[in-house]
Number of protein chains: 2
Amino acid sequence: MITTRDIAERLGISVSTVGRALADDARISEETKFRVRQTASEMGYVGNRAARMMRGASSNVVALVIPDIRNSFYSTIAHELSKNMAAEGFQLMLSETDDDRMVELRHLRELSANRVAGVIIVPTARPHSESVKLLRAVPHLQLLRRHPSLGSQWFGVDDREALRRATAHLVALGHTRIAYLGGPEELPTGAERLSGFRAALEEGGLADDAGRAELGPPSSVHHGREAVRRLLQEPAAPTALVLGSIQLTLGVLEELSAQGVKVPGELSVVGFGDEPGFSWWGPGLTTIGLPIQEMATSCALWLLRRLKNEPENDGPYTSVSPGSLILRGSTAPVDGKVPSKPS
Amino acid sequence: MITTRDIAERLGISVSTVGRALADDARISEETKFRVRQTASEMGYVGNRAARMMRGASSNVVALVIPDIRNSFYSTIAHELSKNMAAEGFQLMLSETDDDRMVELRHLRELSANRVAGVIIVPTARPHSESVKLLRAVPHLQLLRRHPSLGSQWFGVDDREALRRATAHLVALGHTRIAYLGGPEELPTGAERLSGFRAALEEGGLADDAGRAELGPPSSVHHGREAVRRLLQEPAAPTALVLGSIQLTLGVLEELSAQGVKVPGELSVVGFGDEPGFSWWGPGLTTIGLPIQEMATSCALWLLRRLKNEPENDGPYTSVSPGSLILRGSTAPVDGKVPSKPS
DNA sequence: ATGAAAGCGCTAACAA
DNA sequence: TTGTTAGCGCTTTCAT
């Protein structure tokens, strides 16, 4: 590897002159600058960031800590972040936790050792106390999920409202046996979504037993299949189903297709997220659309501002974007009852 | 940030003793080791990798350079790599090129400055000469696409054979007007796939004008929609269509759904890749299944071996996994002609 | 306009 | 068993 010293020796000048020339220092003559740059490029010199960091320069790496990049939810976020970060000269480090707090901890240790400039994290349900400590030493930002111990900087969607609207839609269609299938309550998002589901039932004047909530691993397609199979076999099977995660939605759609369940005839379904393919599933999936792209972009911009400006831009910040219900063909009035329209 | 020196001062010992204790050096007494580790953890010490790198340690970062992480093709690869790398203590850096050679170059410059331990790259059509030079200085590996200037280490699928089989399937069904929609010929994969398409036509005894190839940006859903719309409007519209990229497939499926084209009645379709949702599109999409997961895993293991063992493990290596045709409902004999079966 | 020297945090050769 | 010292590549005083 070529160093500034190699260049200096080649040109018979000192390393500091080389350093200054490459940094375009005002005190160096144009001629020297030119010769230095010339030789540097000839010799294939590439500055050593590790050395710069030792002199106090900060890393240009920002880490994204998420459960699983295969979830298109997260890959959209990763893309948006990567794009915005790259535009400002930052690189993106990808750390997958698989929703395991120990894996999360190991990653954070590594990121910390690498002195990353910032961290954007979708935390696991209950982060390890060492993780909390590690994060305190680096500018960070929570995404989607929000854990109080990790600070007050957070970007996410209004999960409660999203589920409330979705459920309210089913209530308005006359359904009285509505099931919800979502992530565990210990996940902040899981709790929020469940709460929105329940709120809508209550506002619709439905008794508590009208709603049936089935919670489980949020990123398990398999669990989605299992759960919906179980639901449909119950004596008083629900006539409508709201989902609370993308992966669960994928599983449910697969299973409903496989079993040949008539949607919305036998069952009305509201999905979560809007993946490619949701629009062409059966009659078209009515689903909760999430503004993840916008969320990721503003999150990136916020962190960038924090990194480039005075680091004292540290006040609490919280952004909530609302989801929107995308109406397609998978929901209908219960038992062929037609909603009253002005005629 | 806590340094070894801080620990040393606190304990009234020398930095080298601290360093050795943390490195579990045999010459340090168990008692000292214990006290050092104790204080280190108390003080929240995290080793500085930049400093270690200056002492000759290698980075624990491996970079993945791909066009776009949103393509589930690549996110699957990223996941598989990340998993395998993390298991060996490596972190994954994500660099998106958007298939732009200048963006690719910028990323490689950064990666080089960061002295990453290795690079796994899906190169752009014609990488910049500086990119080539930069890559020569770091252990690297090409994925899927293969550019001669970037060395002979490559992992990928047999694109030609995959398209040949897919096309042959349509030929066997009696189609004589078959269109292919794929990426540009300047991309190695584009050329291979097109060649497989043509080979199948020839082997099927079809005249050259039986096949119609439409090439364009491979990761543009939009282009897929446009292209298929154009194809269907032609006077002698094809009766069958083979796709050569996931994104194009997504676009085509959307457009066919939107236009209400009868598949396989009016048009037989063979997709590329097997995304979630392809199985429930219309009659189920017959498609080319790719063993990306296995490919990514073996690619990760190979690079790891290269990084951990003697770096002289540098011989040419090439792995080709074959794709497999997944038969579902979107292909049928042309014009209702039934293929002869033994009755 | 340029050079010499110190030091960032760590490890390893050399002493004791 | 522990301490001292040098040096990785770079930037930044302080000198010239």
Side-chain angles (χ1 to χ4, degrees), chain A residues 1-41 43-61 109-117 137-138, chain B residues 1-40 43-60 109-117 137-138:
Chain A
M1 270 295 170
I2 309 298
T3 71
T4 46
R5 197 176 141 180
D6 297 323
I7 301 175
E9 279 174 1
R10 168 84 74 100
L11 291 175
I13 58 180
S14 76
V15 272
S16 28
T17 304
V18 173
R20 284 197 271 255
L22 292 172
D24 202 23
D25 190 299
R27 299 171 296 185
I28 301 293
S29 73
E30 281 307 323
E31 205 222 307
T32 312
K33 278 186 192 171
F34 179 79
R35 287 179 44 212
V36 168
R37 285 200 271 255
Q38 181 94 348
T39 352
S41 125
M43 300 178 78
Y45 170 79
V46 180
N48 185 331
R49 174 154 268 118
R52 285 193 185 140
M53 283 175 67
M54 294 225 47
R55 290 284 316 171
S58 91
S59 159
N60 70 334
V61 175
R109 282 209 191 109
E110 285 299 335
L111 297 174
S112 184
N114 280 92
R115 300 293 191 269
V116 294
V138 47
Chain B
M1 272 292 172
I2 309 298
T3 72
T4 46
R5 196 175 144 183
D6 296 323
I7 301 176
E9 279 174 1
R10 168 86 74 101
L11 291 174
I13 58 179
S14 77
V15 274
S16 34
T17 304
V18 173
R20 284 197 271 254
L22 292 172
D24 203 23
D25 189 298
R27 298 170 297 183
I28 301 293
S29 73
E30 281 306 321
E31 206 223 305
T32 312
K33 278 186 191 171
F34 179 79
R35 288 177 46 212
V36 168
R37 284 200 270 256
Q38 181 94 347
T39 355
M43 300 177 77
Y45 169 80
V46 179
N48 185 332
R49 173 154 268 118
R52 288 196 183 136
M53 282 175 68
M54 294 225 47
R55 290 285 316 170
S58 91
S59 158
N60 70 335
R109 282 209 192 111
E110 285 299 334
L111 296 174
S112 183
N114 279 90
R115 300 292 191 269
V116 294
V138 48

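Throughout, a chain's letter reflects where its sequence line sits, starting with A, and its residues are numbered from 1.
- Residues satisfying the salt bridge (charged side-chain N to carboxylate O under 4.0 Å, His left out) test with B:R37, not counting sequence neighbours, are B:D24.
- Every residue meeting the side-chain contact (heavy atoms from CB on, under 4.5 Å) condition with A:V46, not counting sequence neighbours, appears here in chain and number order: B:S112, B:A113, B:R115, B:L134.
- Taking five base pairs at each end of the helix from C:dA1-D:dT16 to C:dA16-D:dT1 and finding the rotation axis that steps the C1' atoms of four pairs onto the next four gives two axes whose angle is 50°, to the nearest 10°.
- Every residue was checked against the side chain to side chain donor-acceptor pair (under 3.5 Å) condition with B:T39, not counting sequence neighbours, and none meets it.
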Whether each nucleotide of nucleotides 7-16 of chain D has a protein heavy atom under 4.0 Å at its base (B), only at its sugar-phosphate (S) or at neither (-) is summarised, 5' to 3', as BBBBBBB---
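- In this view, A:E9 and A:R5 satisfy the side-chain contact (heavy atoms from CB on, under 4.5 Å) rule, not counting sequence neighbours.
- Under the side chain to side chain donor-acceptor pair (under 3.5 Å) criterion, A:R109 pairs with A:E130, sequence neighbours left out.
- By the 4.5 Å heavy-atom criterion applied to side chains, B:V36 and B:L11 are counted as neighbours.
- A search for side-chain contact (heavy atoms from CB on, under 4.5 Å) contacts involving B:R20 returns B:S16, B:D25, B:R27, B:I28, not counting sequence neighbours.
- Think of the region where chain B sits on DNA chain C: with heavy atoms and a 4.0 Å cut, that region ends 5' and 3' at C:dG9 to C:dA13.
- Checked by atom type and distance alone, the side chain of B:N114 never pairs as donor or acceptor with a backbone atom of B:V116 at under 3.5 Å.
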Could you give the side-chain donor-acceptor pairs of residues 53-60 of chain B under 3.5 Å, partners two or more places apart or in another chain?
from, atom 1, to, atom 2, distance (Å)
B:S59, OG, B:V61, N, 2.9
B:N60, ND2, A:E110, OE1, 2.6
B:N60, ND2, B:G89, O, 3.3

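- The closest side-chain heavy-atom distance from A:D6 to A:M43 is below 4.5 Å.
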